[in-house]
Peer 1: 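This is the structure, below, for whatever I ask next.
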Amino acid sequence: MSPWVLHVDLDQFLAAVEILRNPELAGKPVIVGGRGDPNERAVVSTASYEAREFGVRSGMALKIAMRKCPGAILLPVDRPVYEAASAQVMATLKAMPGAVVEVLGWDEAFVGVDTDDPVAYAHDIQAAVLAATSLHCSVGVGDTLVRAKVATDYGKPRGVYVLTADTWLDLLGDLPTDAVWGIGPRIRDRLADLGYATVRDLAAADDEALAAEFGPTTGPHIGRLGRGEGRRTVDDTPWVARAHGRETTYQQDLVGRDEVEPALRELADAVVEDLRREGRACMRVHLKIRFKPFFTVNRSRKLSEPTSDPAVIAATALALYDRLEDDRPVRLLGIRSEMVPPEGGY
DNA sequence: TCTGGGGTCCTAGGACCC
DNA sequence: TCTGGGGTCCTAGGACCC
């Protein structure tokens with residue numbers, strides 16, 4: 001028996017759930033995003049495999065997606081339904097013998113297990129999830145969390161893929177560094193400037209050079225990612241949120257303080273709903289603004305004392321806006337409230 | 001051409017204190 | 001007159017993820 005990490009990822013999750021409640025959608029190009037209005041400022045949350053064949057990807061603007069795939073069926077995001085399906089999937093994983101489950105999002109989780117045959121266990125997971133929910137998933141098997149996570153993509157759809165220290169560089173060595181989970185386009189470009197273009201280059205990089213560029217913690221961390229190293233143990237400690245936020249993209253840009261102020265009040269009210277539900281107070285307010293020429297600003301302020309009063313949160317956000325002294329049209333506003341940590345910390 | 005909404009974590013640098 | 005080194009707290013902002 002040895003310890004393994006499995007990464008379970010539902011296939012085309014939102015689209016699959018929509019197909020379950022409307023079987024006529026099966027085999028058709030389905031796009032889930034926004035409020036289901038193709039003319040709205042919104043993005044694709046999930047596209048079915050049929051829609052992906054037209055080049056539709058999650059994160060893509062709906063307008064562009066519908067242009068690429070004019071015949072697609074566009075559906076609004078229906079959170080409660082996906083949350084319920086997700087809960088069923090996670091409960092199924094937690095019921096697997098010997099499983100330690102770390103939930104990553106609606107549609108994915110790490111499963112830690114001691115076994116001689118992780119591939120058979122992965123197939124057992126797929127069968128159990130299918131039986132309980134009629135949903136298909138892919139499973140990555142690895143000796144670290146990073147390797148399991150990266151493996152899943154190679155198992156999609158409905159497959160199982162094993163990736164360990166022995167096969168890491170064979171599979172990824174020649175790829176650009178952002179093929180690794182945790183390395184995005186910015187880090188990839190900075191690494192390339194340093195002479196580390198591929199995962200193989202990064203795997204051989206020395207910590208000192210990486211620390212000099214990215215800092216003493218992040219530098220060596222990036223090096224470990226390049227080697228597929230890092231955490232090996234799945235942690236099922238229940239999640240405690242650090243913050244809650246609400247943001248809105250306005251279909252028509254807000255112009256001037258007079259339009260910004262009521263919008264901030266609405267966001268503050270919504271944020272406070274989350275605080276009340278958890279019974280925790282806000283200790284720091286973050287304001288996020290996206291201006292019309294596409295760029296984003298974040299500002300934050302610590303409160304003199306914790307509060308759950310929406311008026312205080314709105315006023316703090318407005319003060320942060322005023323301090324910007326920038327009256328360009330606003331297309332997105334967000335307020336995030338950092339909460340007082342629970343007794344004993346996180 | 002068009003780019004959501006929900007999060008987490010890390011770092012740089014200034015203010016302030018001893 | 002010149003001016004150390006360490007520490008903490010705070011804000012701004014970068015980067016990543018689903």
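Just so we're on the same page: letters track the sequence lines, and every chain starts at 1.
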Peer 1: In terms of side-chain heavy atoms of Ile187(A), which of dC10(B), dA15(C), dG4(B) is nearest?
Peer 2: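 Between dC10(B), dA15(C), dG4(B), the one nearest the side chain of Ile187(A) would be dA15(C).
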
Peer 1: Identify which nucleotide among dT1(B), dC18(C), dG4(B) has an atom closest to any side-chain atom of Ile64(A), counting heavy atoms from C-beta outward.
Peer 2: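 It is dT1(B).
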
Peer 1: Output the pairing pattern of DNA chain C as a dot-bracket string, 5' first, Watson-Crick or G-U wobble with both distances under 3.5 Å, | for cross-strand pairs, [ ] for crossing pairs.
Peer 2: ....||||||||||||||

Peer 1: Tell me the interatomic distance from Asn39(A), atom CG, to dT1(B), atom P, rounded to whole angstroms.
Peer 2: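 The distance from CG of Asn39(A) to P of dT1(B) comes to 17 Å, rounded to the nearest Å.
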
Peer 1: Nearest-Å distance, CZ (Arg67(A)) to P (dT3(B))?
Peer 2: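 So the two atoms are 10 Å apart, to the nearest Å.
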
Peer 1: Return the value, rounded to whole Å, for the distance between atom CD of Glu278(A) and atom C1' of dG7(B).
Peer 2: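 Distance check: Glu278(A) CD to dG7(B) C1' gives 13 Å.
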
Peer 1: With a 4.0 Å cutoff (strictly under), does any side-chain N or O of Ser45(A) reach OP1 or OP2 of dG5(B)?
Peer 2: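 Answer no for this pair, as no side-chain N or O of Ser45(A) is under 4.0 Å from OP1 or OP2.
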
Peer 1: Side chains of Thr237(A) and Asp235(A): is there a donor and an acceptor less than 3.5 Å apart?
Peer 2: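 The criterion, which ignores hydrogens and geometry beyond distance, is satisfied for Asp235(A) and Thr237(A).
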
Peer 1: Please determine whether a side-chain nitrogen or oxygen atom of Arg242(A) lies at a distance below 4.0 Å from atom OP1 or OP2 of dC9(B).
Peer 2: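 Result: yes.
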
Peer 1: Could you check if a side-chain atom of His286(A) sits within less than 4.5 angstrom of a side-chain atom of Glu338(A), using non-hydrogen atoms only?
Peer 2: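 The answer is yes; the side chains approach within 4.5 Å.
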
Peer 1: Do Tyr82(A) and Glu18(A) have a side chain donor and acceptor closer than 3.5 Å?
Peer 2: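 Side chains of Tyr82(A) and Glu18(A): pair found under 3.5 Å.
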
Peer 1: Which pairs with one or both residues in residues 60-81 of chain A pass side chain to side chain donor-acceptor pair (under 3.5 Å), sequence neighbours excluded?
Peer 2: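 Found Arg21(A)-Asp78(A).
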
Peer 1: Measuring to OP1 and OP2 of dC10(C), would you say a side-chain N or O of Lys302(A) lies under 4.0 angstrom away?
Peer 2: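 Yes, Lys302(A) has a side-chain N/O under 4.0 Å of OP1/OP2 on dC10(C).
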
Peer 1: I would like to know whether His244(A) and Ser337(A) meet side chain to side chain donor-acceptor pair (under 3.5 Å); could you show each step before the answer?
Peer 2: CA-CA 5 Å; His244(A) 287 299; Ser337(A) 137; over 6 Å; no

Peer 1: Classify Arg323(A) by what it touches in the nucleic acid, base, sugar-phosphate, or nothing, heavy-atom distance under 4.0 Å.
Peer 2: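 Result for Arg323(A) = sugar-phosphate.
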
Peer 1: Please pick, from dT11(C), dC16(C), dC2(B), the nucleotide with the shortest atom-to-atom distance to any side-chain atom of Ser300(A).
Peer 2: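 Closest nucleotide among those given: dT11(C).
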
Peer 1: Reading DNA chain B from 5' onward, which residue's closest nucleotide shows up sooner: Arg246(A) or Gly219(A)?
Peer 2: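 Counting from the 5' end, the first nearest nucleotide belongs to Arg246(A).
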
Peer 1: Nearest whole Å is fine: how far is dG5(B) C1' from Lys288(A) NZ?
Peer 2: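 Lys288(A) atom NZ is separated from dG5(B) atom C1' by 7 Å.
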
Peer 1: Are Asp326(A) and Arg328(A) close enough for a salt bridge, meaning some N to O gap below 4.0 Å?
Peer 2: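 A salt bridge is present here (some side-chain N lies under 4.0 Å from a carboxylate O).
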
Peer 1: Salt bridge or not for Arg246(A) and Glu266(A), using N-O below 4.0 Å?
Peer 2: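 No, this pair does not count.
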
Peer 1: Can a salt bridge be assigned to the pair Arg257(A) and Asp327(A) using a cut-off of 4.0 Å between side-chain N and carboxylate O?
Peer 2: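 Salt bridge absent between Arg257(A) and Asp327(A).
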
Peer 1: Look at the side chain of Thr249(A) and decide which nucleotide, out of dG4(B), dT11(C), dA15(C), has an atom nearest to it.
Peer 2: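 That would be dG4(B).
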
Peer 1: Heavy atoms under 4.0 Å, any strand shown: does Leu104(A) hit a base, just sugar-phosphate, or nothing?
Peer 2: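 Nothing, no nucleic acid heavy atom in range.
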
Peer 1: Select base, sugar-phosphate, or nothing to describe what Leu332(A) touches, counting heavy atoms under 4.0 Å on all strands.
Peer 2: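 Since only primed, P, OP1 and OP2 atoms lie under 4.0 Å of Leu332(A), the category is sugar-phosphate.
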
Peer 1: Let me spell it out: for each of Arg41(A) and Pro216(A), pick the nucleotide of DNA chain B with the closest heavy atom. Which residue's pick is nearer the 5' end?
Peer 2: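 With Arg41(A) and Pro216(A) compared, the 5'-side residue is Arg41(A).
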
Peer 1: So, Arg265(A) and Asp269(A), do they make that salt bridge, N to O below 4.0 Å?
Peer 2: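 Salt bridge flag = no for Asp269(A) with Arg265(A).
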
Peer 1: Can you tell me the distance, in whole Å, between the CZ atom of Arg331(A) and the C1' atom of dT1(B)?
Peer 2: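 Nearest whole value for this atom pair: 11 Å.
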
Peer 1: Is there a side-chain polar atom (N or O) of Thr218(A) under 4.0 Å from OP1 or OP2 of dA15(C)?
Peer 2: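 Checking dA15(C) against Thr218(A), no side-chain N or O comes under 4.0 Å of OP1 or OP2.
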
Peer 1: What is the separation between atom CD1 on Ile222(A) and atom P on dC17(C), rounded to the nearest whole Å?
Peer 2: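 Those two atoms, CD1 and P, are 11 Å apart.
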
Peer 1: Of the candidate nucleotides dC17(C), dT3(B), dT11(B), which contains the atom at the shortest distance from the side chain of Trp181(A)?
Peer 2: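 Taking heavy atoms from C-beta onward, the closest nucleotide is dC17(C).
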
Peer 1: OP1 or OP2 of dG6(B) less than 4.0 angstrom from a side-chain nitrogen or oxygen of His244(A), does that happen here?
Peer 2: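 Answer is no, no contact under 4.0 Å.
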
Peer 1: Once you round it to whole Å, what is the distance between C1' of dG5(B) and CG of Asn298(A)?
Peer 2: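 So the two atoms are 13 Å apart, to the nearest Å.
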
Peer 1: Side-chain N or O of Arg188(A) less than 4.0 angstrom from OP1 or OP2 on dC16(C)?
Peer 2: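 So the side-chain polar atoms of Arg188(A) never come under 4.0 Å of the phosphate oxygens OP1 or OP2 of dC16(C).
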
Peer 1: Give the nucleotide from the list dC18(C), dC10(C), dT11(B) with an atom nearest to the side chain of Arg284(A).
Peer 2: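 The closest nucleotide is dC10(C).
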
Peer 1: Where the side chain of Arg186(A) is concerned, which of dC18(C), dG6(B), dA15(C) is the nearest nucleotide?
Peer 2: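 From the listed options, dA15(C) comes nearest.
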
Peer 1: For Glu108(A) and dG7(B), give me the distance from atom CD to atom P, rounded to whole Å.
Peer 2: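 Atom-to-atom, Glu108(A) to dG7(B), this comes out as 17 Å.
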
Peer 1: Any base atoms under 4.0 Å from Thr248(A), or only sugar-phosphate, or nothing? Heavy atoms, all strands.
Peer 2: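 Result for Thr248(A) = sugar-phosphate.
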
Peer 1: Would you tell me if any nitrogen or oxygen in the side chain of Lys149(A) comes within less than 4.0 Å of OP1 or OP2 on dC18(C)?
Peer 2: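 Affirmative; the distance criterion is met.
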
Peer 1: With rounding to whole Å, what would you report as the distance between dC18(C) and dC2(B) at their P atoms?
Peer 2: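 Per the computed distance, 27 Å lies between those P atoms.
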
